[in-house]
Amino acid sequence: MPLLAAPLYLDPKVEPPLTSLLDSPPFLHGLVDGLGSPLNVVLPDRVAENVSRFRSVYRRHHLEGEICFAHKANRSSALVRRLATTDAAVDVASLDELQHALACGFTPDRIGATGPKEPEFLWLAARVGATVNVDGRGELEELAGLVRRYGLPRAQVLLRLSDFTGSGVKVQSRRSRFGSPASELTGLLDASARHLDALEVTGVSYHLDTTSLEEKALALEGCVRAMDECRARGMRPRVIDIGGGFGVGYLADGAQWERYTTQLTLAAMGRRESLAWRDHTYGLSSEKGTVRGALELYPSHRPVAGAGYLDELLRSPAPTLGRPLATLLLENLYDLCVEPGRALVDQCGVTLARVLEVRGEPDGTHVVRLAMNADDCALEEHGILLDPVLLRRDRRQEGTVAPSGPVGVYLHGNLCLESDLITRRLVFLPGLPAPGDLLAFPNTAGYCMDFNAHHAQRRPMARKVAAFQDTDGWQWRLDDQYWPIHSAGTAHEV
Ligand SMILES: Cc1ncc(COP(=O)(O)O)c(C=O)c1O
């Protein structure tokens with residue numbers, strides 16, 4: 001069947017309050033008219049709702065501990081300030097993020113420092129008393145040295161581990177950039193014991209960038225064993241931090257995703273026409289009629305993600321000890337710490353781009369040029385495929401612009417660069433956009449808004465606003481002008 005006759009939609013999953021925001025085109029057009037395209041809109045009240053969902057999983061399993069937002073997922077002040085009103089903590093991965101968290105209202109007991117750290121970052125973390133997630137022996141020694149040299153308070157540390165193996169277990173939790181191999185724990189504990197005056201080991205941690213429950217279960221069980229070793233050395237650890245990576249389901253319809261990936265495989269094998277710019281196949285190829293390679297895409301349709309994924313992990317049996325992981329934590333009275341980035345800002349934002357030009361191509365497709373570049377909306381960079389929502393400037397045009405019905409469009413960015421496509425995929429829209437319309441890319445708050453943004457060609461970076469509802473409907477503030485007193489219902493949350 002010809003490509004354009006059988007559109008392959010990838011409907012985004014959209015939940016309240018994003019649903020209502022996208023149903024307010026005049027409000028969104030007014031924002032972009034005033035503040036320019038592209039424009040990022042964040043929804044602080046939804047981040048609080050996401051914390052509650054994680055917290056209810058803790059309650060279900062009778063567990064205590066911190067839900068730490070991995071700040072790196074979004075630079076927004078509004079989101080971090082709103083989080084400060086909840087019972088969440090924050091995980092900072094740079095000196096600037098640490099300063100930002102403090103300025104947004106987080107007290108140091110609700111801050112964890114992770115990632116590669118310069119001496120200045122370590123110093124400030126220790127100075128204020130934030131917990132430091134130590135990635136290796138060198139960092140441990142450096143922190144102890146700073147504490148002694150500058151008379152800092154005794155630092156609370158978590159030892160981050162990776163590369164867990166279980167005897168008789170087929171799965172292996174792979175080596176990560178974060179943390180020391182679990183086999184090096186003894187050396188780390190020897191070093192910690194030498195620095196008892198400067199450091200207190202409060203627990204152990206891991207962060208694994210994988211969707212595999214089995215790998216994470218093995219790592220969590222490995223942490224419980226590591227805690228036994230700490231206790232055997234006379235330490236009194238109380239926290240197991242299992243990092244982030246709980247994921248997000250970006251698509252509404254699993255069948256659409258199945259259909260799309262099947263057709264992509266057929267296209268890679270040359271058994272149908274291409275679905276993407278210059279025959280791009282997202283990592284697949286064909287060799288003697290057999291498909292080769294692996295799909296280089298995020299699993300955009302995920303029925304179990306976020307808090308639901310944590311629930312499933314906690315219900316999973318420990319690979320060698322057999323009992324559910326939640327039971328293991330509970331039996332030992334350990335606190336559980338999680339560091340979700342992407343999952344905590346699920347449904348918390350949208351990126352808007354103005355349509356500048358629409359051009360028909362000889363093969364029946366159209367090129368739609370947007371006032372935005374690929375790095376302003378990094379969905380493709382993260383392998384996430386979803387359809388934007390068309391917000392007409394004039395709603396009276398709905399369905400009246402020729403050609404009516406589904407159209408296949410390539411979304412070009414505004415950089416003078418061959419590769420600047422917002423997505424290489426041929427995107428199907430319900431009708432042809434017109435210059436002046438907006439395309440709204442839902443759910444970009446996790447890594448896809450500002451993580452990759454830059455000033456190439458001296459273009460300004462997208463502005464960001466925080467949107468919230470009150471009795472008069474949608475309201476907004478520039479992101480850095482938003483404080484939680486602006487949203488209804490933020491009092492008494494902590
Ligand atoms: C140490 C650490 N914790 C948490 C996260 C957050 O991961 P995610 O956004 O997948 O939940 C990351 C992401 O890179 C990380 O490196």
Side-chain angles (χ1 to χ4, degrees), residues 12 14-50 69 71-86 97 100 103-105 344-355 370-373 375-379 388-391 393 414 422 436-455 459-490:
V14 180
E15 292 178 358
L18 192 52
T19 333
S20 144
L21 185 71
L22 291 175
D23 216 18
S24 315
F27 174 72
L28 297 175
H29 272 278
L31 286 178
V32 178
D33 287 346
L35 298 167
S37 170
L39 181 73
N40 288 315
V41 184
V42 294
L43 296 164
D45 291 332
R46 174 66 199 225
V47 82
E49 160 68 23
N50 292 347
F69 171 54
H71 189 345
K72 59 175 80 76
N74 199 299
R75 298 168 65 93
S76 165
S77 293
L79 292 176
V80 178
R81 290 172 188 165
R82 185 64 177 84
L83 277 166
T85 70
T86 71
E97 284 187 1
H100 188 228
C104 286
L344 266 194
V345 288
D346 183 22
Q347 300 287 330
C348 287
V350 57
T351 299
L352 304 170
R354 177 79 73 213
V355 174
L370 296 174
M372 169 166 91
N373 65 61
D375 294 315
D376 288 319
C377 179
L379 287 164
V389 178
L390 175 58
L391 303 175
R393 174 169 274 289
N414 60 2
I422 309 305
D437 288 346
L438 291 177
L439 288 186
F441 295 82
N443 219 353
T444 49
Y447 302 102
C448 298
M449 257 184 194
D450 51 36
F451 202 87
N452 295 50
H454 51 68
H455 286 287
R459 289 186 186 277
M461 295 218 287
R463 289 201 172 90
K464 189 177 283 175
V465 301
F468 50 95
Q469 286 170 295
D470 67 14
T471 46
D472 295 327
W474 281 103
Q475 311 295 328
W476 67 277
R477 295 279 187 286
L478 282 174
D479 180 70
D480 62 358
Q481 301 294 315
Y482 170 95
W483 288 92
I485 49 172
H486 297 133
S487 292
T490 47

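Keep in mind the model is a prediction, meaning the values are calculated, not measured. The figures that follow rest on heavy atoms only: side chains count, while hydrogens, waters and symmetry mates do not.
For the atom pair CE of Met461 and CG of Asp375, the computed distance is 11.0 Å after rounding to the nearest 0.5 Å. Remark: Tyr482 OH to Arg82 CZ distance equals 5.5 Å, nearest 0.5 Å. In this structure, the separation between SG on Cys104 and NE2 on His71 is 6.5 Å, given to the nearest 0.5 Å. Taking CG of Asp45 as the start and OG1 of Thr85 as the end, the distance is 8.5 Å to the nearest 0.5 Å.
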Could you go step by step and tell me if Leu18 and Val350 meet the side-chain contact (heavy atoms from CB on, under 4.5 Å) rule? CA-CA 8 Å; Leu18 192 52; Val350 57; 4.0 Å; yes
Could you go through Asp346 and Asn50, starting from their C-alpha distance and side-chain angles, then the distance that decides it, and tell me whether this counts as side-chain hydrogen bond (donor to acceptor under 3.5 Å, both in side chains)? CA-CA 8 Å; Asp346 183 22; Asn50 292 347; 5.6 Å; no
Would you check, one step at a time, whether the test side-chain contact (heavy atoms from CB on, under 4.5 Å) holds for Val41 with Leu21? CA-CA 10 Å; Val41 184; Leu21 185 71; 3.9 Å; yes
Run the side-chain contact (heavy atoms from CB on, under 4.5 Å) check on Leu370 and Leu439 step by step: do they pass? CA-CA 8 Å; Leu370 296 174; Leu439 288 186; 4.0 Å; yes
Please test Leu391 against Asp437 for side-chain contact (heavy atoms from CB on, under 4.5 Å), starting from the C-alpha separation and ending with a verdict. CA-CA 6 Å; Leu391 303 175; Asp437 288 346; over 6 Å; no
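A donor-acceptor contact shorter than 3.5 Å is absent between the side chain of Ser24 and the backbone of Phe27. With hydrogens and angles ignored, the 3.5 Å screen pairs a side-chain donor or acceptor of Ser37 with a backbone N or O of Arg354. Side-chain atoms of Asn74 come within 3.5 Å of backbone N or O of Ala445 as a donor-acceptor pair. The closest donor-acceptor contact from the side chain of Arg46 to the backbone of Pro16 lies under 3.5 Å.
Between Phe451 and Arg75 the shortest side-chain heavy-atom distance does not fall below 4.5 Å. Two residues are said to be in side-chain contact when any heavy atoms from C-beta on lie closer than 4.5 Å; Met449 and Val42 meet this criterion. Leu39 is not listed as a side-chain neighbour of Thr351, based on a closest heavy-atom distance of 4.5 Å or more. Considering only heavy atoms from C-beta on, Met372 comes within 4.5 Å of Ile422 through its side chain. The shortest side-chain heavy-atom distance between Leu31 and Trp476 falls under the 4.5 Å cut-off.
Few gaps surround CZ on Arg459; more than 12 heavy atoms of other groups in view lie less than 6.0 Å from it.
Pairing each heavy atom of Leu79 with each of Pro44, the nearest pair is CD2-CA, 3.7 Å. Taking both residues in full, the closest heavy atoms of Asn443 and Val345 are given as OD1-O, 4.0 Å, listed atom of the first, atom of the second, then distance. Across all their heavy atoms, Asp479 and Arg81 have their closest contact at O-NH1, 4.0 Å. Contact record, Pro388 with Pro442: CA-CD, 4.5 Å, taken as the closest heavy-atom pair. Leu43 approaches Pro17 most closely through the heavy-atom pair CD1-CG, 4.3 Å. The two residues Leu438 and His29 make their nearest non-hydrogen contact at CG-CE1, 3.4 Å.
For the pairing with Lys464, the salt bridge (Lys or Arg N to Asp or Glu O under 4.0 Å) check across Asp480, Asp450, Asp376 returns one residue only, Asp450.
Taking Gln475 as the reference, Phe468, Asp470, Asp472 meet the side-chain contact (heavy atoms from CB on, under 4.5 Å) condition, with sequence neighbours excluded.
A donor-acceptor contact closer than 3.5 angstrom links the side chains of Ser20 and Trp474.
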